[in-house]
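Scroll down for the structure; my scribbles are underneath it.
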Amino acid sequence: MRYWLIKSEPGEFSFDDLWAAKGRRTAWDGVRNYQARNFMRDGMRVGDLVLFYHSNADPTGVVGLCEIVREAYPDPTQFEPGHPHFDPASERSSPRWMMVDVRATERLPRVVTLAELKSSPRLKSMQVVQRGSRLSVTPVTQAQWNELLRLAEGGQKGPAKRL
DNA sequence: GCCAACGTTGGC
DNA sequence: GCCAACGTTGGC
C-alpha cells in the first residue's frame with residue numbers, strides 16, 4: 001500500500017466539490033505532466049491512500065483524505081477538441097494521458113497548512129514542499145502520512161488515532 | 001542534441 | 001499581480 005498527495009486549486013475543484021460529488025468520487029482528469037502521469041499509471045493502485053492538497057488557496061495546505069478506487073485509464077478530455085485539456089498530439093490508439101478515480105474518505109479536523117509542512121522536521125522533506133515543486137501528483141512516505149495525521153489531530157504526542 | 005523562447009504553476 | 005522555477009517546444 002502506498003501513499004500519495006494530489007494537488008488541486010479549490011477554485012477549479014475543491015475538496016468540498018469532491019465531498020459533494022456522487023459517491024464522493026471523481027475521475028482525476030486533466031493531469032498533463034509526464035512525471036505525474038507516471039506516478040498515476042505506474043504507482044497508484046486501488047486502496048492506496050491520498051492526501052488532498054489545496055494550492056493557490058487561503059489557506060493552502062492539506063484538507064482531506066482520499067483513496068484510489070480505480071487504476072489508471074485514458075483521460076477522455078485529451079480527445080475533446082475545444083476542451084481546455086485537449087491534446088491534438090495524442091492518438092486514441094495510444095493515449096498519452098491517464099487518470100485514476102479517487103474517493104474522499106475523511107475531511108481533516110483542520111487544514112494542515114503549507115507553513116506547517118515547511119516548519120515540521122518530519123514533513124519538510126515532502127516533495128510538495130520543495131522549492132519550485134510543481135508536480136500535482138507526488139508520493140508520500142508512511143512516516144510523512146502518520147506525522148501529517150498526528151498534526152491534523154491537534155499536534156499531541158503519541159500515535160495517530162485511526163481516522 | 002542543444003538551448004532560447006515561451007507557457008504554466010503556484011507561493012507570496 | 002509579481003515573478004521564480006520548471007517543463008515543453010522548435011529552430012538550428
Side-chain angles (χ1 to χ4, degrees), chain A residues 2-21 25-44 48-68 71-102 104 106-141 143-145 147-152 155:
Chain A
R2 300 191 203 183
Y3 301 93
W4 306 94
L5 179 145
I6 59 176
K7 273 197 287 205
S8 185
E9 302 195 15
E12 297 293 323
F13 189 83
S14 69
F15 188 73
D16 282 343
D17 293 332
L18 178 56
W19 199 256
R25 63 185 278 169
T26 193
W28 203 250
D29 63 4
V31 173
R32 294 295 182 270
N33 171 282
Y34 288 105
Q35 212 178 333
R37 179 205 65 184
N38 293 347
F39 281 138
M40 290 198 298
R41 184 189 62 191
D42 306 331
M44 284 183 169
D48 284 1
L49 300 181
V50 182
L51 301 172
F52 194 108
Y53 176 94
H54 279 169
S55 60
N56 266 321
D58 187 18
T60 169
V62 179
V63 295
L65 309 182
C66 307
E67 67 175 345
I68 302 299
E71 291 174 16
Y73 59 109
D75 178 345
T77 63
Q78 70 194 300
F79 302 123
E80 298 173 17
H83 191 283
H85 298 304
F86 176 60
D87 182 355
S90 182
E91 300 183 32
R92 288 184 182 273
S93 56
S94 59
R96 178 176 294 181
W97 304 113
M98 301 286 166
M99 62 187 187
V100 297
D101 287 358
V102 300
E106 303 286 343
R107 184 191 304 276
L108 290 182
R110 66 184 190 82
V111 179
V112 178
T113 66
L114 175 61
E116 288 179 272
L117 301 183
K118 283 180 173 173
S119 64
S120 161
R122 290 196 172 102
L123 296 179
K124 66 184 180 188
S125 60
M126 289 177 71
Q127 218 165 313
V128 72
V129 177
Q130 304 314 307
R131 175 176 178 79
S133 168
R134 288 167 26 180
L135 269 186
S136 62
V137 178
T138 50
V140 170
T141 68
Q144 290 164 349
W145 176 275
E147 177 66 7
L148 192 132
L149 291 201
R150 197 183 68 77
L151 268 185

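The sequence lines fix the lettering, A, B, ..., with proteins before strands; numbering per chain opens at 1. Please read these numbers as outputs of a predicted model, since none were measured by experiment.
Following rounding to the nearest Å, A:R134 (CZ) and B:dG10 (P) show an atom-to-atom distance of 7 Å. Between A:W97 atom CH2 and C:dG7 atom C1' there is a gap of 10 Å when expressed in whole angstrom units. Atom pair A:I6:CD1 and B:dT9:P shows a separation of 16 Å (rounding to whole Å applied). Between the CD atom of A:Q127 and the P atom of C:dC6 there is a distance of 12 Å, given to the nearest Å. Distance, A:N56 CG to C:dA5 P: 17 Å, rounded to whole Å. Put simply, CG on A:L135 is 17 Å from P on B:dT8, counting in whole angstrom units. Distance, A:H54 NE2 to B:dG11 C1': 16 Å, rounded to whole Å. In this structure, CD of A:Q35 is placed 20 Å from P of B:dT8, rounded to the nearest angstrom.
For the pair A:R96 and A:S133, nearest-nucleotide mapping onto DNA chain C gives the more 5' position to A:S133.
Using modelled atom types, one side-chain atom of A:D48 and one backbone atom of A:R2 make a donor-acceptor pair closer than 3.5 Å. In this structure, the side chain of A:S8 does not engage the main chain of A:P10 through any donor-acceptor pair within 3.5 Å.
Checking the phosphate oxygens (OP1, OP2) of B:dG11, a side-chain nitrogen or oxygen of A:Y53 falls inside 4.0 Å. For B:dC12, the OP1/OP2 oxygens have a side-chain nitrogen or oxygen of A:K118 closer than 4.0 Å. The phosphate of C:dA4 (OP1 or OP2) has no side-chain N or O of A:R131 nearer than 4.0 angstrom.
Ring pair A:H83/A:H85 is tilted by interplanar angle, where 30° to 60° counts as tilted.
Using a 4.0 Å cut-off between charged side-chain N and carboxylate O, A:D16 and A:R107 make a salt bridge.
Among C:dT8, B:dT9, B:dG11, the nucleotide with an atom closest to any side-chain atom of A:L114 is B:dG11.
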